[in-house]
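From a predicted model like this one, the values you see are computed outputs, not experimental measurements. Read the numbers this way: they start at 1 and go in the same order the structure lists the ligands and their atoms.
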Amino acid sequence: MPAAAYEGKECVCQFKRGVCDQTCVRDMLDTPFYIACLKLRGRRCLVVGGGAIGLEKAEGILACDGDVTVLAPEVGPELEELAREGSITWERREYAGIQDLEGVFMVIACTDDTDVNIAIYEDAERRAMLVNVVDVPPLCNFILPAILRTGPLAIAISTAGASPALAKRMKREMAEHFGEEYARLAILLNQVRGWAKGTLPTYQERKDFFESIVNGDPDPIALLRAGDEPAVLDLIAAAQRTHTPATA
Ligand SMILES: C[C@@]1(CC(=O)O)c2cc3[nH]c(cc4nc(cc5[nH]c(cc(n2)[C@H]1CCC(=O)O)[C@@](C)(CC(=O)O)[C@@H]5CCC(=O)O)C(CC(=O)O)=C4CCC(=O)O)c(CCC(=O)O)c3CC(=O)O
Ligand SMILES: NC(=O)C1=CN([C@@H]2O[C@H](COP(=O)(O)OP(=O)(O)OC[C@H]3O[C@@H](n4cnc5c(N)ncnc54)[C@H](O)[C@@H]3O)[C@@H](O)[C@H]2O)C=CC1
């Protein structure tokens with residue numbers, strides 16, 4: 001929806017309530033986002049709200065080995081099952097204040113109560129921690145991109161909130177271009193990282209080694225696409241021979 005379409009309408013983000021003045025729409029496109037990959041394994045992540053959106057967020061965090069607590073008086077059957085099997089912790093009550101954020105790395109708020117969502121955002125900001133209130137840009141200090149995952153590869157697409165629908169389309173199109181062969185090549189190259197670090201003394205030499213394979217002739221991606229993994233292993237072995245220092 002073009003920004004002008006918000007004018008004079010009830011505020012979509014519900015933060016300011018009342019009529020939208022487009023502040024958050026403008027702010028988002030003016031915000032340079034710092035893109036990072038978070039390690040959630042073993043970290044406490046709190047999802048407040050246990051509806052369809054809460055489930056989606058809990059599953060996303062679980063897929064990254066985060067330690068998920070869902071805080072909500074009512075949850076859907078899937079979350080109930082995840083709690084029963086011990087995959088998540090369900091605290092069956094309402095959000096009670098900043099003490100609920102103690103020891104928590106990241107909080108995602110998806111209740112259907114705007115006042116609660118605002119309180120969570122403000123408490124989290126007071127603690128300088130990560131907070132995302134789903135679909136409410138002014139109540140997020142990080143936003144979630146659309147992600148295409150294949151093995152160790154993750155391609156994240158953000159439109160800075162301009163159009164999540166477009167991010168989803170781009171994800172589909174990326175999937176057609178970047179298939180399994182890229183993930184396989186990443187894995188094969190990871191297997192020689194130890195060798196490279198132990199054998200090639202400088203960053204420049206390691207860079208030259210990896211780039212000679214990735215951008216090599218024959219093209220390793222084309223070889224993998226043709227199902228010829230042995231040829232890629234040969235390519236890697238040949239690069240190892242070429243790049244090994246004479247004294248090593
Ligand atoms: C800012 C952000 C904050 C955040 O939530 O993190 C945000 C905000 C808002 N989303 C809205 C709408 C929709 N969001 C989706 C879907 C996704 N939204 C996601 C992220 C983000 N959404 C962050 C920015 C991402 C970026 O950088 O582009 C994705 C990528 C990731 C995820 O959520 O995990 C996930 C796709 C995942 C996937 O499938 O891969 C769909 C489509 C659908 O539901 O299928 C629609 C309807 C179509 C449309 O609007 O485009 C609205 C208007 C609400 C309204 O109109 O009421 C707002 C608020 C506003 O615009 O004011
Ligand atoms: N369902 C959808 O497709 C979309 C929903 N949204 C928005 O995301 C939010 C969540 O959506 P749903 O999961 O569908 O909502 P829902 O109504 O199914 O779930 C709301 C959850 O919040 C919990 N909750 C309410 N007050 C609470 C409190 N004080 N403390 C802790 N938990 C509390 C409820 O117990 C429930 O588990 C809503 O604001 C909705 O407008 C946004 C985009 C799409």
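- Atoms of ligand 2 found under 4.0 Å from any heavy atom of Leu71, numbered from 1 in the order shown, are 31 (C), 32 (N).
- The nearest non-hydrogen atom to atom 18 (O) of ligand 2, considering only Ala96, Ala109, Gly50, Gly51, comes from Gly51.
- When Asn132, Ile157, Val134 are ranked by how near their heavy atoms come to atom 4 (C) of ligand 1, first place goes to Asn132.
- For Glu56, no nitrogen or oxygen atom sits less than 3.5 Å from a nitrogen or oxygen atom of ligand 1, counting backbone and side chain alike.
- Here the side chain of Asn190 pairs no donor or acceptor atom with the backbone of Ala186 at under 3.5 angstrom.
- For ligand 2, the atoms sitting less than 4.0 Å from at least one non-hydrogen atom of Val48 are 31 (C), numbered in the order shown with element in parentheses.
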Please set out all donor-acceptor pairs under 3.5 angstrom arising from side-chain atoms of residues 34-49, sequence neighbours excluded.
unit_1: Arg41; atom_1: NE; unit_2: Asp65; atom_2: OD2; d: 2.9
unit_1: Arg41; atom_1: NH2; unit_2: Asp65; atom_2: OD2; d: 2.6
unit_1: Arg43; atom_1: NE; unit_2: Lys39; atom_2: O; d: 3.0
unit_1: Arg44; atom_1: NH1; unit_2: Glu102; atom_2: O; d: 3.4

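- Residue Arg93 has no N or O atom closer than 3.5 Å to an N or O atom of ligand 2.
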For residues 164-173, which side-chain donor-acceptor pairs fall under 3.5 Å, sequence neighbours excluded?
unit_1: Arg169; atom_1: NE; unit_2: Glu173; atom_2: OE2; d: 2.6
unit_1: Arg169; atom_1: NH2; unit_2: Glu173; atom_2: OE2; d: 2.8

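- For ligand 2 and Cys110, the ligand atoms under 4.0 Å from any heavy atom of the residue are 9 (C), 10 (C).
- Between Cys140 and Val131 the shortest side-chain heavy-atom distance does not fall below 4.5 Å.
- Contacts with ligand 1 closer than 4.0 Å are made by no heavy atom of Val136, backbone or side chain.
- Listed by atom number, the atoms of ligand 2 under 4.0 Å from Pro73 heavy atoms are 31 (C), 32 (N), 33 (C), 35 (O).
- Of the listed residues (Ile53, Leu79, Thr111, Thr114), the one carrying the non-hydrogen atom nearest atom 44 (C) of ligand 2 is Ile53.
- A donor-acceptor pair under 3.5 Å is absent between the side-chain atoms of Arg93 and the main chain of Leu71, judged by distance alone.
- Atoms of ligand 1 lying under 4.0 Å from at least one heavy atom of Gly161, given by number and element, are 1 (C), 24 (C), 26 (C), 27 (O), 28 (O).
- Counting the atoms of ligand 1 from 1 in the order shown, those under 4.0 Å from a heavy atom of Lys168 are 36 (C), 38 (C), 39 (O), 42 (C), 43 (C), 45 (O).
- Checking only distances, Tyr95 does come within under 3.5 Å of ligand 2, N or O to N or O.
- Arg126 forms no cation-pi arrangement with Tyr121, by the criterion of a distance under 6.0 Å to the ring centre and an angle within 45° of the ring axis.
- The shortest separation from a heavy atom of Val134 to ligand 2 is not under 4.0 Å, leaving the residue out of contact.
- Considering backbone and side-chain atoms together, Ala72 places no N or O closer than 3.5 Å to any N or O of ligand 2.
- Polar contact with ligand 1: present for Ala165 (N/O pair, distance under 3.5 Å).
- Of all atoms in ligand 2, listed by their number and element, those nearer than 4.0 Å to a heavy atom of Val116 are 29 (N).
- Using a 4.0 Å cut-off between charged side-chain N and carboxylate O, Arg184 and Glu180 make no salt bridge.
- Taking every heavy atom of both residues into account, Asn117 and Cys110 meet most closely at OD1-N, 4.3 Å.
- A side-chain N or O of Tyr95 and one of Asp123 form a donor-acceptor pair less than 3.5 Å apart.
- Surrounding CD of Gln99 are more than 12 heavy atoms belonging to other residues, nucleotides or ligands, all under 6.0 Å away.
- The residue among Thr159, Ile35, Leu144, Leu148 with a heavy atom at the shortest distance from atom 25 (C) of ligand 1 is Leu144.
- Taking any N or O of Glu74, backbone or side chain, at least one lies under 3.5 Å from an N or O belonging to ligand 2.
- Atom CZ of Arg225 sits in a crowded spot, with more than 12 heavy atoms from other residues, nucleotides or ligands closer than 6.0 Å.
- Leu223 and Ala231 get closest at one heavy-atom pair: CD1-CB, 3.9 Å.
- With contacts defined as side-chain heavy-atom distances shorter than 4.5 Å, the pair Phe210/Asp208 does not qualify.
- Under 4.0 Å from ligand 1, not a single heavy atom of Ala162 appears.
- Proximity of Asp112 to ligand 2, defined as any heavy-atom pair under 4.0 Å, is shared by backbone and side chain alike.
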